[in-house]
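No hydrogens, no waters, no symmetry mates; every other heavy atom, side chains included, goes into these values.
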Amino acid sequence: MAKKKITEIVEEMLEDYLQQEGYELYNTEFVKEGRDWFLRVYIDKPSCGENEYIGTEDCEKVSRYLSEKLDEADPIEQNYYLEVSSPGMDRPLLKPEHYQRYTGSEVEIRLYKGKDGTKNIQGILKGISGEIITVADHDGREWELQLSEIAKAKLAVIF
């Protein structure tokens, strides 16, 4: 079974349950690392503020539910490890809705190819329009970047 298909099945299995329990699906991946396969599910709370976060109890609860559903449906042929977690403080920005949600936040961007002498940009995410994001760096420059230029984007952790 193709890995995209597995993530779609998992997302469908979780959709109603997560909504009912006050969670949202941040991302799902089914990847092979070395000899082992991992099904990773990242959950969040829709209004995750400073005093709200995903804890280990939340992850255990979703993991138990999903494990039971996967055992019933048995959609994955090979052995795998199921991991349910929070996307973390330095969460990756993977989808347009992630960029939309974190507009105004400090981000770190790594580009596939250098642009104006740099591959790394850190600054405030100003927004997304279609396939273009705008980031204001700390020197006051505004960068307009195509999503296809971005190798990795994540929230910056500031202490």
Side-chain angles (χ1 to χ4, degrees), residues 1-111 120-129 131 133-136 138 145 147-148 150-159:
M1 187 169 289
K3 47 181 194 176
K4 184 175 183 184
K5 185 78 171 146
I6 290 168
T7 57
E8 288 172 0
I9 290 169
V10 168
E11 289 169 10
E12 288 171 10
M13 285 178 171
L14 284 172
E15 187 176 12
D16 292 339
Y17 177 76
L18 292 178
Q19 187 173 12
Q20 169 189 326
E21 296 296 321
Y23 304 121
E24 70 180 8
L25 185 62
Y26 193 82
N27 192 38
T28 307
E29 59 186 19
F30 186 60
V31 294
K32 186 173 186 183
E33 294 178 4
R35 296 182 330 199
D36 298 321
W37 283 89
F38 293 86
L39 174 57
R40 294 192 177 111
V41 176
Y42 300 92
I43 59 172
D44 206 358
K45 292 187 178 177
S47 60
C48 232
E50 281 185 38
N51 297 323
E52 277 193 78
Y53 58 91
I54 294 294
T56 53
E57 318 79 44
D58 300 308
C59 296
E60 288 170 11
K61 183 177 179 181
V62 172
S63 180
R64 279 192 300 274
Y65 172 84
L66 181 57
S67 183
E68 188 177 299
K69 291 296 179 188
L70 288 168
D71 286 347
E72 287 173 14
D74 199 21
I76 304 173
E77 294 172 9
Q78 61 267 60
N79 292 331
Y80 63 94
Y81 294 97
L82 173 61
E83 297 176 354
V84 177
S85 68
S86 157
M89 291 173 52
D90 61 343
R91 60 193 56 206
L93 304 178
L94 304 166
K95 304 171 186 175
E97 51 266 28
H98 295 160
Y99 289 95
Q100 186 69 42
R101 178 176 181 174
Y102 293 105
T103 294
S105 298
E106 183 85 14
V107 294
E108 295 175 0
I109 308 285
R110 188 171 65 224
L111 304 174
N120 298 304
I121 300 166
Q122 183 167 345
I124 302 297
L125 177 60
K126 293 295 188 180
I128 182 170
S129 178
E131 294 289 311
I133 67 159
T134 305
V135 177
H138 299 295
L145 306 167
L147 290 177
S148 60
I150 299 171
K152 186 175 187 176
K154 65 181 184 173
L155 292 184
V157 178
I158 309 292
F159 292 102

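- Between Y26 and H98, the two ring planes are parallel [angle under 30°; tilted spans 30° to 60°].
- Here the shortest heavy-atom pairing between P92 and P87 reads CD-O, 4.0 Å.
- To the nearest 0.5 angstrom, I124 atom CD1 is 13.0 Å from T134 atom OG1.
- Minimum interatomic distance between I109 and A153 (heavy atoms only, all atoms of both residues): CD1-CB, 3.6 Å.
- Between M13 and Y65, the shortest heavy-atom distance links the atoms O-OH, 3.5 Å.
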Enumerate donor-acceptor pairs with a distance under 3.5 Å from any side-chain N or O in residues 54-61 to protein atoms, sequence neighbours excluded.
{"from": "D58", "atom 1": "OD1", "to": "Y23", "atom 2": "OH", "distance (Å)": "2.6"}
{"from": "D58", "atom 1": "OD2", "to": "G55", "atom 2": "N", "distance (Å)": "2.8"}
{"from": "K61", "atom 1": "NZ", "to": "E21", "atom 2": "OE1", "distance (Å)": "2.6"}

Per-pair distances, 0.1 Å, donor-acceptor, side chain in residues 66-76, under 3.5 Å, sequence neighbours excluded:
none

Query raised in the report: Can you check side-chain contact (heavy atoms from CB on, under 4.5 Å) on Q78 and F30, steps first, answer last?
Result: CA-CA 11 Å; Q78 61 267 60; F30 186 60; 3.8 Å; yes
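- Heavy-atom contacts from other residues, nucleotides or ligands closer than 6.0 Å to CD of Q19 number 12 or fewer.
- Of all the heavy atoms in A136 and K126, the pair that sits closest is CB-CE, 3.5 Å.
- Note that the CD atom of E97 and the CZ atom of R101 stand 10.5 Å from one another [nearest 0.5 Å].
- Between the side chains of R91 and Y42, not a single donor N or O lies within less than 3.5 Å of an accepting N or O.
- Under the 4.5 Å side-chain criterion, counting only non-hydrogen atoms from C-beta, T28 is in contact with L39.
- Separating the CG atom in N27 from the CG atom in L93 is a distance of 11.0 Å, to the nearest 0.5 Å.
- Taking a 6.0 Å sphere around CD of E15, one finds it holds 12 or fewer heavy atoms contributed by other residues, nucleotides or ligands.
- With values rounded to the nearest 0.5 angstrom, M89 atom CE is found 9.5 Å from I158 atom CD1.
- Looking at E77 and W37, their side chains never come closer than 4.5 Å, going by heavy atoms from C-beta outward.
- In this structure, CZ in R110 is found 12.5 Å from CD1 in I121, a value given to the nearest 0.5 Å.
- Tested against Y102, the residues L155, I128, V107 include a single side-chain contact (heavy atoms from CB on, under 4.5 Å) partner, L155.
- R40 places no side-chain N or O within 3.5 Å of a backbone atom of S85 that could act as its donor or acceptor partner.
- Heavy atoms from other residues, nucleotides or ligands lying under 6.0 Å from NZ of K152 number 12 at most.
- Evaluation of the ring-ring contact (aromatic ring centres under 6.0 Å, His included) rule for Y99 yields no partner, not counting sequence neighbours.
- The CD1 atom of I43 sits 8.5 Å away from the OH atom of Y17 when rounded to the nearest 0.5 Å.
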